Number of protein chains: 2
Amino acid sequence: MTDTHWRPVKRTRTFEDVLAQIEHRIAEDGLTAGDRLPAERRLAEQLGVSRSSVREAMRVLETLGVVSSQAGRGPDAGAVLTSRPDSALTDVLRLNLGLATLELREVIDTRLMIERWAAAQAARARAGTSALAEALKGMDEAGSAEEFVEHDTAFHCAIAEIAGNRLIAAFMRSLRESMSRYAVEAVERLGDTSGLQADHRRILRAVQEGDPEEAAQAVTDHLAHAYPAGG
Amino acid sequence: MTDTHWRPVKRTRTFEDVLAQIEHRIAEDGLTAGDRLPAERRLAEQLGVSRSSVREAMRVLETLGVVSSQAGRGPDAGAVLTSRPDSALTDVLRLNLGLATLELREVIDTRLMIERWAAAQAARARAGTSALAEALKGMDEAGSAEEFVEHDTAFHCAIAEIAGNRLIAAFMRSLRESMSRYAVEAVERLGDTSGLQADHRRILRAVQEGDPEEAAQAVTDHLAHAYPAGG
DNA sequence: GACCACAATATGGTCAGACCATACCTAATC
DNA sequence: GATTAGGTATGGTCTGACCATATTGTGGTC
């Protein structure tokens with residue numbers, strides 16, 4: 001076994017090693033959101049690597065939404081474990097949309113799947129519908145397409161919140177945000193938003209009356225109005 | 001204008017600036033997967049920042065699955081734009097699960113939503129079922145729980161592939177991978193996998209026969225068997 | 001003793017420059 | 001023409017310095 005076919009001595013980059021160590025430590029020590037990680041310099045010393053490598057690992061963790069860094073001193077300074085998957089998901093979707101490898105159609109279909117589920121669940125829960133009514137009012141008063149979309153997003157995300165699954169709600173928010181540009185275009189192309197508002201009232205009614213099937217169907221029709229099959 | 005109240009000269013970190021520049025360049029120049037970014041040193045020079053900052057930005061982009069770095073020389077070397085949202089999504093979910101801010105229940109419910117959708121869509125498509133049958137065979141011959149879960153994942157992901165939405169398929173893979181540890185535990189707790197295999201055959205049959213409702217219901221029952229309400 | 005100004009300190013953020021590892025490219029060699 | 005040795009552009013890592021920020025300690029003042 002002394003000859004060819006050397007398993008490469010080093011396949012993982014240093015910062016990946018650091019990542020693994022940190023993740024292992026999280027699992028091992030049972031760290032949760034709010035706990036602090038050692039300072040960069042100290043971590044570098046502990047792991048026997050340079051601070052650069054630690055920093056690159058930190059950037060990754062920050063990107064993944066599990067660490068938040070704060071300069072200065074005191075209890076709130078340093079690298080603190082958090083759990084904010086939202087921006088991470090949003091960034092992943094937005095950038096991959098920008099690279100045109102994901103079709104808008106696929107994103108919209110995903111939204112449809114999630115919104116149907118959320119509306120049906122919300123109808124089963126039948127709670128917190130006041131937030132929905134609130135968002136509806138805002139939309140009536142919206143001037144620009146941007147404003148309308150903003151309130152529209154709030155309305156749809158509120159449904160997901162009511163449904164009570166944070167992961168799905170996070171997906172929902174990320175999908176909406178990453179395609180907000182296209183949503184504005186769709187509204188502008190449509191011109192008149194009264195039809196969409198009628199859809200919203202229908203959805204709200206179905207949720208209030210606790211009718212999951214009607215809620216899901218209302219959402220389906222709504223998205224079909226907003227994004228006609230053509231595009 | 002020489003005195004107090006300076007709006008902070010610098011609110012964004014340098015690497016965030018680099019990120020924005022790169023994203024802008026992607027949109028502006030219409031870069032897509034396969035295109036190359038300038039070398040780190042060159043980019044640093046162009047943007048007037050240090051190479052460290054460029055590297056941290058690269059780490060972020062790599063984490064988000066839109067850049068792949070390769071050392072060496074030649075056409076494949078350097079930072080190449082890609083589009084691999086899978087690992088990014090997986091990492092986000094896995095780490096956030098590890099921080100215990102997401103309940104396993106929420107992840108499973110999300111899986112259920114996606115798998116119901118995928119199975120129904122696959123039944124409408126009625127294509128590529130040979131891959132499903134293939135995965136079934138592998139599971140029959142699986143010895144350990146790990147092996148079983150591996151083939152199980154292949155089976156379920158194959159359904160998502162058939163459904164033809166890459167974003168949802170990516171979600172599916174990420175969910176499965178990030179909770180694979182718990183899947184193994186569930187299988188070990190269950191002991192006998194013949195019931196799960198019967199479910200699989202039922203799902204396959206429904207897809208082959210093009211019965212979306214039955215396919216969705218079969219998936220629902222399957223997950224209920226694998227993860228009883230208790231946990 | 002209470003309060004305030006200022007220095008000390010710990011933290012992340014950035015930079016510069018060096019060196020290593022990798023992989024392609026080129027030219028000399030056979 | 002094939003092989004081989006060097007050149008070179010790339011990412012990966014390290015070191016050490018300095019800056020920006022925010023808390024903490026310290027001493028003086030009232």
Side-chain angles (χ1 to χ4, degrees), chain A residues 4-22 31 34-82 84, chain B residues 4-22 31 34-82 84:
Chain A
T4 59
H5 297 105
W6 254 115
R7 297 299 253 50
V9 174
K10 184 176 190 175
R11 306 196 51 66
T12 66
R13 295 175 284 187
T14 305
F15 80 87
E16 291 174 325
D17 223 62
V18 175
L19 277 175
Q21 297 277 347
I22 293 178
L31 301 182
D35 293 340
R36 275 182 58 176
L37 255 45
E40 292 178 357
R41 290 170 178 83
R42 176 144 188 77
L43 209 43
E45 192 185 10
Q46 287 178 8
L47 302 179
V49 301
S50 76
R51 199 180 149 207
S52 328
S53 297
V54 171
R55 279 186 64 76
E56 297 199 8
M58 287 301 183
R59 279 297 89 70
V60 172
L61 292 175
E62 198 178 301
T63 303
L64 293 174
V66 296
V67 150
S68 168
S69 292
Q70 180 66 44
R73 205 178 148 167
D76 285 357
V80 179
L81 289 176
T82 62
R84 320 178 144 275
Chain B
T4 59
H5 294 104
W6 253 115
R7 293 303 257 42
V9 174
K10 184 177 194 175
R11 305 197 53 67
T12 65
R13 295 177 283 188
T14 305
F15 80 89
E16 291 174 323
D17 223 62
V18 176
L19 277 175
Q21 297 277 347
I22 293 178
L31 302 182
D35 293 340
R36 276 182 58 176
L37 254 43
E40 292 178 357
R41 289 169 178 83
R42 178 148 186 74
L43 208 45
E45 193 185 10
Q46 286 179 8
L47 302 179
V49 302
S50 75
R51 200 181 148 206
S52 324
S53 297
V54 172
R55 280 186 63 76
E56 297 197 8
M58 288 300 184
R59 280 296 90 72
V60 172
L61 292 175
E62 197 178 301
T63 303
L64 292 174
V66 296
V67 150
S68 168
S69 293
Q70 180 67 46
R73 204 175 148 167
D76 285 357
V80 179
L81 288 177
T82 62
R84 320 180 145 272

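Each chain gets a letter, A, B and so on, in the order its sequence line appears, and its residues count up from 1. Everything numeric in this text was worked out from a predicted model, so none of it was measured.
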Determine all donor-acceptor pairs shorter than 3.5 Å in which one atom belongs to a side chain in residues 48-55 of chain A; sequence neighbours excluded.
{"from": "S50(A)", "atom 1": "OG", "to": "S52(A)", "atom 2": "N", "distance (Å)": "3.4"}
{"from": "S50(A)", "atom 1": "OG", "to": "S53(A)", "atom 2": "N", "distance (Å)": "3.4"}
{"from": "R51(A)", "atom 1": "NE", "to": "E40(A)", "atom 2": "OE1", "distance (Å)": "3.0"}
{"from": "R51(A)", "atom 1": "NH2", "to": "E40(A)", "atom 2": "OE1", "distance (Å)": "3.1"}
{"from": "R55(A)", "atom 1": "NE", "to": "E56(B)", "atom 2": "OE2", "distance (Å)": "2.9"}
{"from": "R55(A)", "atom 1": "NH1", "to": "E40(A)", "atom 2": "OE1", "distance (Å)": "3.2"}
{"from": "R55(A)", "atom 1": "NH1", "to": "E40(A)", "atom 2": "OE2", "distance (Å)": "3.1"}
{"from": "R55(A)", "atom 1": "NH2", "to": "E56(B)", "atom 2": "OE1", "distance (Å)": "3.4"}
{"from": "R55(A)", "atom 1": "NH2", "to": "E56(B)", "atom 2": "OE2", "distance (Å)": "3.3"}

- Test side chain to side chain contact (heavy atoms under 4.5 Å, CB included) applied to Q46(A) - qualifying residues, sequence neighbours left out: R25(A), P38(A), R42(A), L43(A)
- Message: With a 4.0 Å cutoff (strictly under), does any side-chain N or O of T14(A) reach OP1 or OP2 of dT13(D)?
- Response: yes
- Note on the structure: Rounded to whole Å, the CD-P distance (E45(B) to dG17(C)) equals 12 Å
- Heavy atoms of other groups near E16(A) CD, more than 12 under 6.0 Å: yes
- Item | Of all pairs that satisfy salt bridge (Lys or Arg N to Asp or Glu O under 4.0 Å), the ones with a partner from residues 60-72 of chain B, not counting sequence neighbours | R13(A)-E62(B), R59(B)-E62(B)
- Heavy-atom distance under 4.5 Å between the side chains of T63(B) and L61(A), does that happen here? no
- Rounded to whole angstroms, how far apart are CZ on R42(B) and C1' on dG11(D)? 17 Å
Please output the side-chain donor-acceptor pairs of residues 66-79 of chain B that fall under 3.5 Å, not counting sequence neighbours, one pair per line with the distance.
none

Under 3.5 Å, which protein N or O atoms sit close to an N or O of nucleotides 8-11 of chain C? Give each pair with its distance.
{"from": "dT9(C)", "atom 1": "O4'", "to": "R73(A)", "atom 2": "NH1", "distance (Å)": "3.3"}
{"from": "dT9(C)", "atom 1": "O2", "to": "R73(A)", "atom 2": "NH1", "distance (Å)": "3.0"}
{"from": "dT11(C)", "atom 1": "O4'", "to": "G72(A)", "atom 2": "O", "distance (Å)": "3.0"}
{"from": "dT11(C)", "atom 1": "O2", "to": "G72(A)", "atom 2": "N", "distance (Å)": "3.2"}

- Task: Please examine the side chains of D35(B) and V80(B), heavy atoms only from C-beta on, and report whether any two atoms are closer than 4.5 Å.
- Result: no
- Task: Take D76(A) and F15(A), find for each the nucleotide of DNA chain D with the closest heavy atom, and name the residue whose nucleotide sits nearer the 5' end.
- Result: F15(A)
- dist L31(B):CG -> L37(B):CG (nearest 0.5 Å) comes out at 7.0 Å
- Query: So which of residues 47-67 of chain A are in contact with DNA chain C, with a heavy-atom cut-off of under 4.0 Å?
  - Reply: R51(A), R55(A), R59(A)
